Amino acid sequence: MPRRCYSAPDSARSSSTEPTPNGSAPPSKTTGASRGRRSSPMRDPYEIGTGEHRAFWADAVADEIESRDPDDPIVIKGGVSPSGVPHIGHFNEIMRGYFVAESLRERGHEVRQVFTSDDKDRLRTLPRKLADLEWNVVGLGEVDAGALGRNLGKPYTDVPDPFGCCDSYGAHFTELLRRAAAAVDVPIEVVSNTQSYADGEFDAAVEHVLENREQATTVLSEFQAGVDDDYVPFFPQCSNCGNLAEEVIAIDLDAGTVDYVCADVDTGDGTIEGCGHEGTATFRDGKLPWRFEWVAQWQFLGVDFEPFGKDHAEGSWPSGERIAREVFGFEPPVPMVYEWFTLNGEALSSSAGNIITVAEVLELIEVEVFRYFFTKNPKKQRDFDVSSLDRLVDEFDRVEAIHYGEVDADEIERERIDRSYPMVVDELSDRRPVRIPYSFAAVLGMTDDRQLQVAMATRSGHLPEDATDAEIDAALERIAHARAWAERTDNEFNYRLAETLPDVEFDEETEAALDALADYAESEAPDADSLQGEIYETARRHDLPVGELFEAGYRLFLEETEGPRLGPFLAALEAEFVLDRLRREA
RNA sequence: GGGCCGAUAGCUCAGCCAGGGAGAGCGUCUGGCUCUUAACCAGACGGUCGGGGGUUCAAAUCCCCCUCGGCCCGCCA
């Protein structure tokens with residue numbers, strides 16, 4: 001008979017949380033659940049390093065990993081369920097590990113950065129947004145949502161790809177993650193959990209957990225309320241419908257099989273119906289509950305360091321730590337908690353659709369700026385604010401200038417930058433890359449005329465006279481990003497040079513002034529400053545408020561009422577174009 | 001209700017683990033550039049270090065209480 005594994009708070013859990021009668025003081029900051037244990041002291045995952053001061057957090061983590069004297073290659077792991085569109089929140093999992101890996105590599109270690117796709121997890125809910133392999137984000141309604149809905153309860157790798165391009169739903173979103181990592185040029189080895197089960201990597205762990213089922217469930221029950229004596233830490237996959245079942249009725253350790261009933265599964269906010277099939281599954285035809293699976297991954301991958309989000313700091317980590325030591329008998333990896341990001345001040349949420357993909361971010365900023373964002377203290381909650389990306393880029397430019405000794409900084413900041421900056425850029429050049437300030441790059445985005453862009457940037461002093469063509473090309477790449485940003489946020493930099501004569505009308509005085517200005521420009525071929533001065537003079541001679549003449553210029557050239565300093569701006573444009581436009585002829 | 005992380009200038013943050021000078025960038029303001037106009041230069045203004053208490057010769061930093069934001073304490077991962 002199908003039966004739910006509901007239970008009242010059970011004895012194991014309540015006894016474990018009883019305070020010690022004499023109220024002896026706990027040794028240090030630990031969670032309540034971890035108190036009173038005699039094995040290795042519980043590790044506060046918020047504490048980083050060995051105590052030696054480090055300006056860059058990744059070095060502190062690397063210190064601690066090294067202090068354990070690990071064998072090479074050192075293994076750094078992260079992982080996610082391929083449940084939907086990967087977004088920048090997922091990149092904590094990759095980038096935090098990356099900086100630690102780089103720190104260790106500099107110390108001469110060989111490092112593998114492994115990323116598990118937990119793709120044998122069940123599809124529990126349908127995401128609101130999906131994306132094809134080109135990062136085009138679409139709503140659930142634009143794919144066959146019904147087909148997806150019929151697959152609730154199956155592992156991601158057994159759910160058909162809604163876009164039809166990959167082997168499965170899981171493979172599709174794992175591929176997107178792989179592409180995102182490649183786009184930020186972080187070398188990760190993606191490991192599919194489904195594949196690992198198929199390859200027998202989990203065999204020993206499943207067998208061990210089932211052999212030591214009482215001990216395993218006792219430890220887990222201290223952290224999860226629904227775990228009681230009937231709990232079986234293995235979810236067999238139904239051979240009839242493909243759902244992951246939870247109702248194990250017999251375990252045969254010698255044969256390496258479990259008998260199960262494909263009963264309904266409660267997902268918290270709903271029920272996934274089982275087909276009622278009764279069958280037998282091997283240890284590869286199913287999966288461990290995630291809490292055990294996580295620890296099993298540490299063991300068979302030999303993981304030395306694992307960063308995780310703050311949601312795992314208090315339940316998952318302590319349970320994993322204890323399961324590793326007490327159930328499997330090995331030391332868990334060095335942990336590290338990272339705080340979550342918000343996006344434009346709101347929680348990142350796949351289900352609510354408040355996400356930004358890495359592909360979108362890389363349209364707006366250069367990849368090194370994106371990497372730089374992750375060098376900041378992981379313990380602090382941070383907002384990824386698209387409207388303020390100019391500030392992030394300015395900050396990066398300053399960091400870069402400090403690295404090249406062109407801007408002063410105090411000792412700590414200098415050390416942090418000397419350590420982190422080389423990990424942020426593709427390769428260190430001998431001299432500081434030429435950078436156009438981001439907001440000015442947005443201004444240059446008013447035109448696609450490269451010569452005009454170069455002229456304006458040079459005149460403003462952002463392209464040094466001795467810059468090579470390659471340096472100029474590299475610097476100009478920022479323009480497309482900044483232009484995309486101006487368009488996306490529709491901010492004050494979102495204007496374009498009017499290619500054709502805008503539909504504008506002026507009064508007689510203004511028309512006369514514009515004509516006079518054109519004549520002056522034609523006969524004098526003035527430089528920026530002279531032209532700027534002449535605008536004032538012309539306005540005075542025609543008895544116009546200077547503001548009106550400036551506005552007329554902005555309307556003619558930008559279809560705006562305000563704009564950049566007009567003299568330098570017009571001086572940088574092609575002379576004939578300026579004359580025709582001032583005369584309202586083209 | 002209990003626990004954990006965070007709060008420092010208008011904004012973004014460093015400094016806190018090893019107590020002694022409150023800092024940076026941006027913004028703002030003022031001045032300069034033949035000049036009210038988004039790019040340049042110089043200077044200035046700006047903070048009860050979330051609030052309160054304690055330890056100390058000395059607290060942004062250590063301890064306790066409180067406020068606010070986030071997370072965990074169901075299931076799942």
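Per chain, numbering begins at 1; letters A, B, ... match sequence-line order. Because the structure is predicted, anything quoted here is derived from the model rather than measured.
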Please write out each protein N/O paired with an N/O of nucleotides 22-25 of chain B under 3.5 Å, distance rounded to 0.1 Å.
residue	atom	partner	partner atom	Å
B:A24	O2'	A:Arg398	NH2	2.6

With A:Tyr520, which residues qualify under side-chain hydrogen bond (donor to acceptor under 3.5 Å, both in side chains), at least two apart?
none
Rounded to whole Å, the CD-P distance (A:Glu551 to B:C35) equals 22 Å
Are A:Thr342 and A:Asp383 close enough that a side-chain donor and a side-chain acceptor fall under 3.5 Å?
yes
Excluding sequence neighbours, so at least two apart, what forms side-chain hydrogen bond (donor to acceptor under 3.5 Å, both in side chains) with A:Thr489?
A:Asn491
Nucleotide opposite B:G43 in a Watson-Crick or G-U pair, distances under 3.5 Å:
B:C29
What pairs with A:Glu400 under side-chain hydrogen bond (donor to acceptor under 3.5 Å, both in side chains), at least two apart in sequence or on another chain?
A:Tyr421, A:Arg435
Note: for A:Phe493 and A:Asp383 on RNA chain B, the residue whose nearest nucleotide lies more 5' is A:Asp383
Checking contacts here: which listed nucleotide (B:C13, B:A77, B:C35) is nearest the side-chain heavy atoms of A:Ser81?
B:A77
Who pairs with A:Lys380 by side-chain hydrogen bond (donor to acceptor under 3.5 Å, both in side chains), at least two apart in sequence or on another chain?
none
Rounded to whole Å, how long is the line connecting atom NZ of A:Lys380 with atom C1' of B:A60?
11 Å
The ring pair (Phe, Tyr, Trp, His ring centres under 6.0 Å) partners of A:His481 (sequence neighbours excluded) come to none
Starting from P on B:C16, measure out to CG on A:Asn377 and report it in whole angstrom.
11 Å
